[in-house]
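In what follows, a structure is listed as structure tokens, so that the remarks can point back to it.
All of these numbers come straight from a predicted model, not from anything done at the bench. Heads up: numbering here begins at 1 and tracks the sequence.
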Amino acid sequence: MEETTAIKQERPKVILTGASGYIGHNLMQKLKEDYDVIALSRHGSSHEDEEHVEWRSCDFYSMDDALESLHGADYAFYLIHSMMPTAKLTQGKFEDMDAILADHFARAARKNGIRHIVYLSGILPDGVPEENLSRHLRSRLEVQRILESSGVPVTTVRAGLIVGPQGSSFPILHKLVERLPVMTLPIWTRTQTHAIALDDVLNALKKSVGNEEVKGRAIDVGGPDVMSYKEMMQQMAEVMGVKRRFIDLPLLTVNLSRLWVTLITREPREMTYPLIESLIHPMVAHPENKVEGISDGKKTFKEAAKESLEEEKRKKEEQAAHKSESSGGSSKSAAERTQKSDVRSVQRVTLPEGKDAQWAGEYYLEWLGRAMGPLIRVHKSEEGVTQVFIRFFSRPILELSYDPVKSGEDRAVYRITGGMFANSKDAHTGRLEFLMIPGSSDCVVAIHDYMPAMPWFLYKYTQAKLHLAVMFLFRKHLERKGTLGKSSTSKKSGGSVGTPSSAEAGV
């Protein structure tokens, strides 16, 4: 009898960023049916591996973490955003932080041989110049360009309002209807949007990965309903079985709207402000960006809203039952409960034409000594160590060591290796980084994981404020210096930015 040998087909491996988040957690349940999932989270070590799921801890503010965590996979999902602070003190705009995260991911994806990136973004409105887009949509487009600059094929799945429990926009809508018997509606509530059920978004993401037809494309997805926010609120009230009165009030501005929405919903302003600002734009799927079998969601808004509210109710009941069974301890892991006294400060400047991150790092340290001359002196050794002194002090307040291994033409990294103002025990983890935004003359100047030596209250209202003032002066100095290069926000909105140049692709 001839013996037959069954050959076990190896399952593709896929990186899932933001795996413990709202979209990521739900997508993981679908992916593990057909893929081996490498689930990434800042606190991945607090999760247990399971069949077809391997958890890894990763902080994408660290290039080292990014390189290590993306090892061994075929495909990757990019579901990262930085609206919520990740350090005890965060200074800077979420757009600049998103740029750093995307750049580190893109470089790591290329070096690890990732074959395809699928990125979840937002639908872009027709005919709106990029400079007029909301901060959130402009940042989402910039992230797309940064991912594409890696040379790895990218599929951008663009969605409007995603209807699902524990999300961002939909819970805000739910809480407004739940808590306000009478609502005054500003003009943006008449803006048309293409809502889509969470399950339809997950299907679109899964069907895109490894799909040759959609590589290098931006795809719009949406459900069967195109409605205004006012219509969605009315349908939400019907689903909840409550009577609500809606009064149009065109005089209410977006700035006022985001304030009262934050107060009523009690959602963090870091999340609500950018989202409300985006509601002025119609977000409807464009026919030319649709792909059959991927773009057209099946569930109506009402069906998706009803399912979401039922799911949210079920989860709350489970959490309450679990809490009563436990001894009263927090459900968060020890890693999540620990609050480090670290600092992340991210600022963006536009460099003169032809200048790069290497120039920016060297010039900044040289300028610091000249501009702050009466108070500060800067000494640079031949070994690449820069010491910053307060005048007439013999000991440096900060010591920065250039890291040639982590640096390159479009990136300059200085380790914070000592000084009176740095916590000497943890100083080796802090770093000052200069990073170019691909395709532009924008340079992000970032301090990561800095641990101050002085008492926190004193640091927060002295050294931290001084750093912001110095960066403001440096930016103004560059503006006066001469002709600046092109800012990344000067491009027109659109889909793919095309094939990257060798310089842009060289990660």
Side-chain angles (χ1 to χ4, degrees), residues 12-33 35-88 90 94 97-109 111-112 114 117-121 140 143 147 157 162 164-168 171 198 201-202 205-206 209 268 270-271 315 318-319 322 329-340 342 344 429 448-449:
K13 287 190 177 180
V14 60
I15 293 288
L16 180 60
T17 61
S20 58
Y22 160 56
I23 300 290
H25 171 74
N26 288 285
L27 181 58
M28 183 168 63
Q29 309 312 312
K30 286 188 176 290
L31 290 176
K32 66 183 183 181
E33 297 169 0
Y35 298 89
D36 285 337
V37 180
I38 300 172
L40 303 185
S41 170
R42 285 176 61 84
H43 304 293
S45 58
S46 65
H47 298 269
E48 290 187 7
D49 293 349
E50 55 185 279
E51 187 177 12
H52 302 305
V53 177
E54 173 195 349
W55 283 91
R56 295 178 184 174
S57 291
C58 181
D59 180 358
F60 276 101
Y61 285 109
S62 164
M63 189 67 214
D64 292 342
D65 269 21
L67 286 169
E68 185 178 348
S69 297
L70 266 62
H71 178 70
D74 303 296
Y75 312 116
F77 286 92
Y78 191 79
L79 306 177
I80 299 172
H81 69 76
S82 62
M83 290 184 189
M84 297 303 294
T86 56
K88 186 172 181 181
T90 299
F94 75 86
M97 299 188 192
D98 273 345
I100 291 174
L101 297 170
D103 182 86
H104 287 177
F105 178 91
R107 293 167 186 268
K111 287 199 172 184
N112 279 289
I114 298 295
I117 297 169
V118 178
Y119 163 51
L120 180 60
S121 185
R140 296 288 83 192
V143 166
L147 295 177
V157 177
I162 299 175
Q166 300 177 335
S168 50
L198 171 62
V201 171
L202 302 179
L205 291 169
K206 185 177 178 180
V209 69
E270 293 89 351
M271 184 71 71
K315 285 187 175 180
E318 286 179 358
Q319 289 171 356
H322 177 73
S330 170
S331 61
K332 291 185 178 180
S333 68
E336 290 171 304
R337 288 194 303 268
T338 302
Q339 188 182 36
K340 289 174 63 179
D342 64 339
R344 179 163 287 116
T429 64
H448 297 299
D449 301 329

For a quick test of reading the model, state the closest non-hydrogen atom pair linking [X] to [Y] and the distance between them.
X	Y	value
A73	I15	CB-CG1, 3.4 Å
T17	Y78	OG1-CA, 3.5 Å
Y75	P12	CE1-CB, 4.0 Å
I23	I162	CD1-CD1, 4.2 Å
S20	W55	N-CH2, 4.1 Å
R140	L120	NH1-O, 3.9 Å

If only atom types and distance count, is the side chain of [X] paired as donor or acceptor with the main-chain N or O of [Y] below 3.5 Å?
X	Y	result
S69	A66	no
D36	V14	no
H25	A19	no
D65	C58	no
N112	L67	yes

Handout entry: salt bridge (charged side-chain N to carboxylate O under 4.0 Å, His left out) partners of E33, counting only residues at least two apart
Key =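 E33 satisfies salt bridge (charged side-chain N to carboxylate O under 4.0 Å, His left out) with K206 once adjacent residues are dropped.
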Practice task
Before giving the answer on side chain to side chain contact (heavy atoms under 4.5 Å, CB included), spell out for D98 and F94 the whole-Å C-alpha distance, their side-chain angles and the decisive distance to 0.1 Å.
Solution key: CA-CA 6 Å; D98 273 345; F94 75 86; 3.7 Å; yes
Between atom [atom1] of [X] and atom [atom2] of [Y], what is the distance when rounded to the nearest 0.5 Å?
X	Y	atom1	atom2	value
L198	N26	CG	CG	5.0 Å
M97	R344	CE	CZ	7.5 Å
H71	R56	NE2	CZ	7.5 Å

Handout entry: Any residue meeting side-chain contact (heavy atoms from CB on, under 4.5 Å) with S57, in chain and number order, not counting sequence neighbours
Key =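 Partners of S57 by the side-chain contact (heavy atoms from CB on, under 4.5 Å) criterion, ordered by chain and then number, come out as S45.
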Problem - Contacts of type ring pair (Phe, Tyr, Trp, His ring centres under 6.0 Å), residue Y61, not counting sequence neighbours - result: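 H448.
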Exercise for the section: Would you check if L70 and I38 make a side-chain contact, meaning some heavy-atom pair closer than 4.5 Å? Expected result: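 They are not in contact (no side-chain heavy atoms under 4.5 Å apart), so the answer is no.
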Problem - side chain to side chain contact (heavy atoms under 4.5 Å, CB included) between Y119 and L205, worked out - result: CA-CA 8 Å; Y119 163 51; L205 291 169; over 6 Å; no
Exercise for the section: Report the C-alpha separation of H52 and L31 in whole Å, then their side-chain angles, then the decisive distance to 0.1 Å, and conclude whether the side chain to side chain contact (heavy atoms under 4.5 Å, CB included) test is met. Expected result: CA-CA 9 Å; H52 302 305; L31 290 176; over 6 Å; no
Problem - R42 with D59: basic N within carboxylate O range, under 4.0 Å - result: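 Yes.
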Problem - Carboxylate-amine/guanidinium contact K32 E50, below 4.0 Å - result: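 Looking at E50 together with K32, the answer is yes, because their closest N to O distance falls below 4.0 Å.
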Problem - Residue pair D74, Y35: steps toward the side chain to side chain contact (heavy atoms under 4.5 Å, CB included) verdict - result: CA-CA 10 Å; D74 303 296; Y35 298 89; over 6 Å; no
